[in-house]
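Below is one structure, written out as structure tokens, with a few remarks after it.
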Amino acid sequence: MTAIPLVALVGNPNAGKSALFNALTGARQKVGNYPGVTVERHSGRLALDDGRPIELVDLPGTYSLDPSSPDEEVTRDVVLGRQAGERRPDALVVVADATNLDNHLRFVLQLKGLGLPAVLALNMVDMAKRDGLAIDPAALARELGMPVVETVAVRRRGLDDLRAALTDALTTRSGVATTVDPDIRQFQREARRIAAAAIVAQPRGRAVTRSLDSVVLHPLAGPVILFTLLFVMFQAVFSWSEAPIGWIEGAQGWLAERAIATLPDGFLRSLLVEGVINGVGSVVVFLPQIIILFLFILVLEASGYMVRAAMLMDRLMAGLGLSGRAFIPLLSSFACAIPGIMATRSISDPRERLTTILVAPLMTCSARLPVYAVIIGAFIPARDLAPGIGLQGVVLFALYLAGILSAMLASVLIRRTVTRGVGGGFLMELPRYQWPSPRDVLIGLWQRAYVFLRRAGTIIMGVTVALWLLASYPVAPAGVKQSEYSVAGRIASGLEAVLRPIGFNHEMSLAVIPAMAAREVAVSALQTVYAIDAEDEEQGATELGGRLAGRWSLATALAFLAWFVFAPQCLSTIAVIRRETNGWRWPLFAVAYLFALAYLAAGATYWTAVAAGLG
Ligand SMILES: Nc1nc2c(ncn2[C@@H]2O[C@H](COP(=O)(O)OP(=O)(O)OP(=O)(O)O)[C@@H](O)[C@H]2O)c(=O)[nH]1
Ligand SMILES: [Mg+2]
């Protein structure tokens, strides 16, 4: 006697497999409206139309047959007949949620590639109809090359048709052949195409999302749109911020004047004016630009566009060995690498995760913005390249691009060497587009502003004041430069020997040491050092940009920018890498390669600029 046929119920989590299992076998399996309800194998019997008995097994839901994820591997092994103590199923009933067709079809296509006789149970059609979504099962069957039966498992509807289709599939035993290349991105594209062909009516919101996506995710138009959006964002950072920056500078000047007018000349007044008000003020002045940057990022996130950008990036980066799964952590690293590195916990593949952690510090965090902005403001003329396209915004865009491109390049190199091995695919559900809620955006902006101001009031102020003390003492004799004679100055002189070949001067060498605590400190440190060397307080309060423009060569300024694209000038990031990788090995690796890159990039920039006659 031959064993009775074995049929497996497979599909994405929450598709209704257990509900269907119960309806077909009369069993009482636990069903629940959240993914991952069924975690072990259950089987039961039912009779086909011709009276033949079959054994039906209800499997845990999975999103794909990705061998890198342990739970998906079980499903894969069962379906392929590789699981110990389990025979290979003779046929599959693939269950898909009609209300989420394209996402579920992706897995259907993958399962179809296995070549087993299969029937698609298009479940939850009641929910689809309620939402105004109509799917043509005949069209779907034609496109898929697989019988399709509409079911409502919880109402026991479509069961007879399902049994009939299953009887057919088992009798003819016609396995459906693979038609698509087994690549998750191909499945995704094919699933979207089939869903679009089978859906005959859909709610308005979905239709809007679909037509927007056909443009936004277009292989050519998509990247162009993404690039344009980012370009506009960086233009806005400069062009919208002028007035509010003026207000902050005004307030800062007024505060300094008040302090000078009320306090007697001496230690306290110098500390307050040079260290606190002007030092910290030189950083706080960049608040408007940070707010503008985040206004764009938050709106794009809330609208549902960012997930699309991740998909686009995934496609672009696929050949580079970096997955789109890394996009969200890398995107958060534009705010700060620390939450970005923490967000890599969502990356299941350990090698991909480590690579993402190692390149996250290359994404331009908001702490670099003050450094970039002060140098750009001082050295790049505020003229338009074309109407509406300012040169300063273009340079800022280029700096961000340099960070992104080097992160991509670094990840290719790291993936080929230290973290070699295949990674998992990238699956992401696309949410619908929606208007961002102004309230949520405002709350988000407030949080960013608060974090920035808190940093200014704590770590940046603390380090700046400490630097002011170290740079003010011992007091230099007449004719000797204070910033060189002081404790800080002497330490910087040691570093200057190393940094001079890449165009750095004494003040810059002095600024990069305290900037290890936080990059913005580079700005307040320069402000403080120049103020200390100034003849009087009036002159000391001169705006930093103007002061730099008169003293640094353009080549030196550009080298400083290049340095900050790469340098791991942030102790907290190093600490977080240590925590997330459980040891000193990777943080030290990151520090070493990033400083090496910074040195090479600054040097190359400096010498190229000198050779071009900009020295
Ligand atoms: N309206 C409607 N609800 C359904 C239908 N089929 C299942 N459900 C409900 O959908 C939810 C998920 O059903 P399950 O059978 O637990 O899904 P599953 O595929 O077994 O999920 P996992 O075990 O997590 O993989 C439950 O709340 C069911 O009651 C259907 O055809 N129509
Ligand atoms: Mg289940």
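Small disclaimer: the values here were computed from a predicted structure and weren't measured. Ligands are counted one by one from 1 in listed order, and the atoms in each one are counted from 1 as well. Basis for what follows: all heavy atoms, side chains included, without hydrogens, waters or symmetry-related copies.
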Where ligand 1 meets [X] - atom numbers and elements under 4.0 angstrom, heavy-atom basis:
X	result
Gly61	25 (O)
Val152	30 (C), 31 (O), 32 (N)
Ser18	15 (O), 18 (P), 20 (O), 23 (O)
Pro13	25 (O)
Ala19	7 (C), 15 (O)
Gly16	7 (C), 13 (O), 14 (P), 15 (O), 17 (O), 18 (P), 19 (O)
Ala153	6 (N), 30 (C), 31 (O)

Less than 4.0 Å is my threshold; does some heavy atom of Ala15 fall inside it relative to ligand 1? yes
What side-chain donor-acceptor pairs closer than 3.5 Å can you find for residues 127-137, not counting sequence neighbours?
unit_1	atom_1	unit_2	atom_2	d
Asp136	OD1	Ala138	N	3.0
Asp136	OD1	Ala139	N	3.4

Will you find, in the side chains of Asp213 and Tyr433, an N or O donor that is under 3.5 Å from an N or O acceptor? yes
Determine whether the side chains of Asn103 and Asn100 contain a donor N or O and an acceptor N or O closer than 3.5 Å. yes
Is there a donor-acceptor contact under 3.5 Å from the side chain of [X] to the main chain of [Y]?
X	Y	answer
Arg157	Thr151	no
His42	Asp58	no
Asn123	Ala96	no

Below 4.0 Å, non-hydrogen atoms only: which portion of Met127 touches ligand 1? Side chain, backbone, both or neither. side chain
Does any N or O atom in Asp58 lie less than 3.5 angstrom from one in ligand 1, N or O only? no
Is any N or O atom of Met124, backbone or side chain, closer than 3.5 Å to an N or O atom of ligand 1? yes
So, do Phe566 and Tyr593 have ring centers that fall under 6.0 Å from each other? no
Is there any salt bridge (Lys or Arg N to Asp or Glu O under 4.0 Å) pair reaching into residues 570-581, and which pairs are they, with sequence neighbours excluded? Arg345-Glu580, Arg353-Glu580
In terms of its nearest heavy atom to atom 12 (C) of ligand 1, the top option of Leu122, Asn14, Val154, Asn12 is Asn14
